[in-house]
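Here's the structure, in structure tokens; my notes come after.
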Number of protein chains: 2
Amino acid sequence: MLTDECRYKVLKLLDEDPRLSQRELARKMGISVGKVNYCLKALAQKGIIKASNFKNSANKQAYAYLLTPKGIEDKARVTARFLKVKLAEHAALQQEIEQLRREVHTCAAEEVEP
Amino acid sequence: MLTDECRYKVLKLLDEDPRLSQRELARKMGISVGKVNYCLKALAQKGIIKASNFKNSANKQAYAYLLTPKGIEDKARVTARFLKVKLAEHAALQQEIEQLRREVHTCAAEEVEP
DNA sequence: ATGATTGTGTTCAATCAATGAACACATGTG
DNA sequence: CACATGTGTTCATTGATTGAACACAATCAT
């Protein structure tokens, strides 16, 4: 896939340091190299990142994955969207926690009375 | 699988209404019937729930999935554990949101300056 | 009565994201 | 030169999840 979360994290990390290898990205993101590779290709195809010397270079060793102007724009958009989702999650979680607190109390009560 | 989340939700819903069908459970939990069936069997095998007339009954139409005493105990334990996890998630989310807020601001700034 | 419809639980082949070992290549090292 | 290390890339395998299909029971309509 290429979820918003993945997209956001990749762009954030590459914006901070475009010279991260796919394995470093994988480690920092907590996903596999295969998935990182897939995401990078997807983002490159969308023109969101540009790998310096992608595919036909004499120096195949390492790439720098640079955000294109479109990429910077996209990063802002995705980040904002992601924030929105997280805020919603936060609110939902808050409610769920309240519910859980009540559950814990009633369960504890049930536990006592035989 | 039989995650804590699944376990908690099933026990909560069945505690509220043991007469829920597997399809109703699936709908309320947002998962497939197959998974519900799997979870119920797992919980039954653990002795956490007991299906009235499970497997060898004249009336095969519908079961009531009742929490056993062990089930009630388990529900309390799982709920507490689940609450703990959710609180941790909540804290993590809070930090992530802070981070995102900063990101949004810097991105917006970058957007302006050419 | 009997056929049709609805509602059970159950099964299991198919799906699909995700993994990570394996590969080809390039560079650095001894 | 050989060897180790570090790239990106590939792809068979894994494993959870799905949901259509099935057998059975009860109810409804004719």
Side-chain angles (χ1 to χ4, degrees), chain A residues 1-11 13-14 16-68 71 78 82 85, chain B residues 1-11 13-14 16-68 71 78 82 85:
Chain A
M1 280 291 300
L2 177 51
T3 61
D4 264 12
E5 172 148 14
C6 222
R7 201 160 156 179
Y8 158 69
K9 283 187 181 174
V10 165
L11 294 181
L13 288 169
L14 289 183
E16 288 170 7
D17 181 4
R19 314 193 57 159
L20 287 173
S21 74
Q22 296 189 5
R23 280 172 179 79
E24 284 171 322
L25 282 171
R27 193 179 47 76
K28 293 201 178 201
M29 295 174 66
I31 63 176
S32 66
V33 278
K35 188 173 180 182
V36 167
N37 188 266
Y38 174 83
C39 289
L40 289 180
K41 283 190 174 173
L43 290 173
Q45 198 189 356
K46 285 175 187 282
I48 288 172
I49 62 173
K50 176 93 167 90
S52 71
N53 307 331
F54 209 77
K55 208 62 183 169
N56 40 3
S57 154
N59 176 11
K60 268 204 178 307
Q61 186 189 13
Y63 299 123
Y65 302 99
L66 301 162
L67 272 62
T68 63
V78 169
F82 199 54
V85 170
Chain B
M1 279 290 300
L2 177 51
T3 61
D4 264 12
E5 174 150 10
C6 224
R7 202 161 156 179
Y8 159 69
K9 283 187 181 173
V10 166
L11 294 181
L13 288 169
L14 288 183
E16 288 169 8
D17 181 4
R19 312 192 59 160
L20 288 173
S21 74
Q22 297 189 6
R23 280 174 177 78
E24 284 170 321
L25 283 170
R27 192 178 49 75
K28 293 202 176 198
M29 295 173 66
I31 62 176
S32 66
V33 278
K35 188 173 180 182
V36 167
N37 188 266
Y38 174 82
C39 290
L40 289 180
K41 283 190 174 173
L43 290 173
Q45 199 189 356
K46 285 176 186 283
I48 288 172
I49 62 174
K50 175 94 169 94
S52 71
N53 308 331
F54 208 79
K55 208 62 185 169
N56 39 4
S57 156
N59 177 10
K60 270 206 176 310
Q61 186 190 12
Y63 299 124
Y65 302 99
L66 301 162
L67 272 62
T68 64
V78 169
F82 199 55
V85 170

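Every heavy atom of this structure was used, including side-chain atoms; hydrogens, water molecules and symmetry mates were not.
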Subject >> Residues A/Gln22, A/Tyr65; criterion side chain to side chain donor-acceptor pair (under 3.5 Å); working and verdict >> reply: CA-CA 10 Å; A/Gln22 296 189 5; A/Tyr65 302 99; 3.1 Å; yes
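In this structure, CG of A/Leu40 is placed 15 Å from C1' of D/dT10, rounded to the nearest angstrom. Rounded to whole angstrom, the span from the CE atom of B/Met29 across to the C1' atom of D/dT18 amounts to 15 Å. The distance from atom CD of A/Glu5 to atom P of C/dA18 is 10 Å, rounded to the nearest whole Å. For B/Tyr63 and D/dA25, the OH to P distance is 10 Å, given to the nearest whole Å. The CG-C1' distance, from B/Leu25 to C/dT10, rounds to 15 Å in whole Å. Following rounding to the nearest Å, A/Arg19 (CZ) and D/dG8 (P) show an atom-to-atom distance of 12 Å. Atom CD1 in A/Ile31 sits about 12 Å away from atom C1' in C/dA17, given to the nearest Å.
Taking the nucleotide of DNA chain C with the nearest heavy atom to each of A/Arg23 and A/Leu2, the more 5' of the two is matched to A/Leu2. Judged by closest nucleotide on DNA chain C, B/Glu24 is the one of B/Gly34 and B/Glu24 placed further toward the 5' end.
Comparing C/dT19, D/dT10, C/dG9 by their nearest atom to the side chain of A/Asn37 picks out D/dT10. Minimum atom distance to the side chain of A/Met1 is reached by C/dA17, of the listed D/dT17, C/dA17, C/dT19. Residue A/Lys41 has its side chain nearest to D/dT10 when only D/dT10, C/dA18, D/dT18 are considered. Nearest to the side-chain atoms of A/Val33 among the listed nucleotides D/dG8, C/dG9, D/dT9 stands D/dT9.
B/Lys9 NZ to B/Leu14 CG: the interatomic distance, rounded to the nearest 0.5 Å, is 13.5 Å. To the nearest 0.5 Å, atoms OG1 (A/Thr68) and NZ (A/Lys46) are separated by 12.5 Å.
Of the side-chain N and O atoms in A/Gln22, one or more sit less than 4.0 angstrom from OP1 or OP2 of D/dT9. Note on B/Tyr38: every side-chain N or O is 4.0 Å or more away from OP1 and OP2 of D/dA16.
Considering only heavy atoms from C-beta on, B/Cys6 comes within 4.5 Å of B/Ile31 through its side chain.
The environment of CD in A/Glu16 is crowded: more than 12 heavy-atom neighbours from other residues, nucleotides or ligands sit within 6.0 Å.
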